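Written out below as structure tokens is the structure these notes cover.
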2 protein chains.
Amino acid sequence: MIIDKSSPIPQYFQLQTWLMEQIDQGVFRPDDQVPTEKELGQLTGLARATIRQAVGNLVNIGYLVRHRRLGTYVLDRKKENGKRTIIGILIPDIRTGYAPELARGAEDEAARQSHSLILCNTDDSYIMANRHADRLIEAQVSGIIFIPTANPVERNRLFIEKFTRRDIPVVLADRTIPGMAVDHVTTDNFQGALDLTSYLIKMGHRRIAIILNSALSTERERLEGYQAALAQNDIPVDPEIVIAEAGPFSNEHYQEYISSLLDRRDRYTAIFAGHDRIARLIYSTARDLGLDIPGDISLVGYDDLPFTTFSLTTMLQPIYELGRESLKLILSRIRGENGEPRRIVLKSNLVERSSVKALN
Amino acid sequence: MIIDKSSPIPQYFQLQTWLMEQIDQGVFRPDDQVPTEKELGQLTGLARATIRQAVGNLVNIGYLVRHRRLGTYVLDRKKENGKRTIIGILIPDIRTGYAPELARGAEDEAARQSHSLILCNTDDSYIMANRHADRLIEAQVSGIIFIPTANPVERNRLFIEKFTRRDIPVVLADRTIPGMAVDHVTTDNFQGALDLTSYLIKMGHRRIAIILNSALSTERERLEGYQAALAQNDIPVDPEIVIAEAGPFSNEHYQEYISSLLDRRDRYTAIFAGHDRIARLIYSTARDLGLDIPGDISLVGYDDLPFTTFSLTTMLQPIYELGRESLKLILSRIRGENGEPRRIVLKSNLVERSSVKALN
DNA sequence: ATTGTCTATTTGTCTATACAATAATACTGC
DNA sequence: GCAGTATTATTGTATAGACAAATAGACAAT
């Protein structure tokens, strides 16, 4: 029997629970009709008012929908979920690097599709990310765009599971998390770095320093691209001029690495900066030391941030598109598309300006 | 009588409506007990089940709360309102000018107080702002931080009323709307411009050009500060070198104004740029024309955006603080503080770099 | 072919009644 | 004074029955 009349649990509540179970277990599926009130009465032996109370509660919390004369139907949770039109985006810092461009790309697409974007700054800290996570769940976001923090894989994994446990889809933007099967939108960092390094080699540079943050998947891929380009040209890697430390770094930290790199400038003729922000720091540090770029040292960056005052040869990443594509992907998941995790890779383009001197 | 038995409107609904009216009109106030089901029965002549249906609905939508044995009480809407922890922020473009800094200031304070921030880009267009508005209302934001668009006062007024009609408080950040009594957080643009112009005069400049967007209240105030400084020093205003056009401008539009201003460079020795973004454009345009700053023309800006590569003397606005204060203010309103619209003015500081040549 | 009418079914509204659970308050016994 | 007990008002749960309103679908009228 469905209802235990002797139980202290109210009978309407027993019926309500039973109905929810049937729905959750797929016995009653979305858009199916559930038994009519009369049938439920025969099934349970309860009075119609009691049945109405149970069904009414389920209507209130969005499990069922009633149609006069037609019966009561199971509501499609996914469809309902799609009605909450808020998506969370977790970015290290909206003020730095490509963050504004990415956020704008995502927001434009969100607005176009009648969704709103909650902005969260993580400062690359998993503690902050987790605080945001709890708030976002409470705000009933229906999806998450996440730029993984510069922290161990495990930390990022736990963060993501907080959402997936609740059936809230997550898309990784730009950076990925090794070993995790999650949707991911990124650019071709390996190919980009390979092209960029090959360009330096073509310009006559053979001793090329590189400085990057190896806590970030994107920059690790760039390192691999750099190594591949050297290998293709039979140039051995000089570990003395490969600075690949892991961590969430402040400008001050980078400054130290840059200074020590500039101290060893007899070992190389060009620097590959892991991203434009480092490139800018290198530029201003070099200038303060009286060094000319590209006169004394050639320099390339990665990102193509807007500078206007400093003419950096760099790899243009389609960051605005990256934001848009991330949002499109998360929306398709919210709308119920399931299947294998997808990986979208956008092409980058070399932008040749005047921070590289030809040596040949 | 409260209930019209002959009406086609269901009696439970009539009772429900009546109760809501009593609450909204303050007959039953927050935390008051409403009549017990028995009393309502005597009052209306309805059966208890009907009364329970009416009251039950009001409990569901958050008007009332029932306590077994104690009675039914009016819920404090404000208290409930405070539970929705989302605030909307409408900014022209997260990618340009001080927007990232402002957004970060607001988001940090929001996170500190367990609130979330929905980011909206308006591109200074009231059409986009209105589209966002509808979405934000649907998302049930409990407050709005708004940077007015570069559009006529009326447009901005209508936008704000959309929210105030629904008891959603609005705080204006940075820019204001003339003639509207709304909370406002800004910087001392008049004093800042006065100081900045006085500085130029102290450096020996007497013919000072100014270029700004007069659609923005902030820049209008800066124009007044500029005029006041000239007046204090008995310098007449030369209308030929005051470019104060109104509109939402693209870089290309500004470029034209700048070019025409640079054509007349015999009439002035220094340019006061209405904001740093124009200053940057002036700098690069001048450089393309072979002009040196400050050698040929002195230049000051307003904002203190991070440049690193171009050393601009400018007025530092505490934008991060502006974002934080805006959020603090909106939260105090959300929490029920009422009273006269407040106006918070933050101090700016002159940052002396090397874009001004001393003429004396 | 379109429009109107009827019928059966299902949910929507409403009454009258009963007992249960809860908790503030008063009372009782020590 | 204080712990336990009884009282009692109030909401919570439940039943049985009735009529209303909407509407899909069948059928009739135009």
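Lettering follows sequence order; numbering is per chain, from 1. No experiment lies behind these values; they were computed from the predicted model shown. Note that these values count all heavy atoms, side chains included, but never hydrogens, waters or copies made by symmetry.
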For the pair made of [atom1] in [X] and [atom2] in [N], what is the distance, rounded to whole Å?
X        : N       : atom1 : atom2 : answer
Leu70(B) : dT8(D)  : CG    : C1'   : 13 Å
Arg48(A) : dG17(D) : CZ    : C1'   : 10 Å
Ile51(A) : dG17(D) : CD1   : C1'   : 14 Å
Arg68(A) : dG25(D) : CZ    : C1'   : 19 Å
Leu40(B) : dT10(D) : CG    : C1'   : 13 Å
Gln53(A) : dA14(D) : CD    : C1'   : 8 Å
Arg52(B) : dA14(D) : CZ    : C1'   : 11 Å
Gln11(B) : dC19(D) : CD    : C1'   : 12 Å

**Request:** Kindly point out which of dT10(D), dA14(D), dA18(D) is positioned nearest to the side chain of Thr36(B)?
**Result:** dT10(D)
**Complete:** Side-chain atoms of Arg66(B) come closest, of dA21(D), dA14(D), dT11(D), to dT11(D)
Does [Y] offer a backbone N or O that forms a donor-acceptor pair with the side chain of [X] under 3.5 Å?
X         : Y         : answer
His132(A) : Asn130(A) : no
Glu107(B) : Asn121(A) : yes
Asp183(A) : Pro341(A) : no
Gln33(A)  : Leu70(A)  : yes

Polar contact flag, side-chain donor to acceptor under 3.5 angstrom, [X]-[Y]:
X         : Y         : result
Asp123(B) : Ser125(B) : no
Arg166(A) : Gln140(A) : no
Tyr320(B) : Asp108(B) : yes

**Request:** Take atom CZ of Arg66(B) as the centre, draw a 6.0 Å sphere, and report whether it contains more than 12 heavy atoms from other residues, nucleotides or ligands.
**Result:**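 Yes, the 6.0 Å shell around CZ holds more than 12 heavy atoms from other groups.
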**Complete:** Contacts of Arg69(A) and Lys38(B) projected onto DNA chain D by closest heavy atom; the upstream (5') one is Lys38(B)
**Given DNA chain D, 5'-ward residue of the pair His67(B) and Tyr12(A), judged by closest heavy atom** =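 It is His67(B) whose nearest nucleotide is closer to the 5' end.
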**Request:** For Pro8(A) and for Ile9(B), find the nucleotide of DNA chain C with the closest heavy atom, then tell me which residue's nucleotide is more 5'.
**Result:** Ile9(B)
**Message:** Going 5' to 3' along DNA chain C, which are the first and last nucleotides with any atom under 4.0 Å from a heavy atom of chain A?
**Reply:**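 The footprint of chain A covers dA8(C) to dT13(C).
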For nucleotides 3-6 of chain D, tabulate all protein N/O to nucleotide N/O atom pairs closer than 3.5 Å, reporting atom names and distance.
none

**Asked** Where does the angle between the aromatic ring planes of His67(B) and Tyr73(B) fall among parallel (under 30°), tilted (30 to 60°) and perpendicular (over 60°)?
**Response** tilted
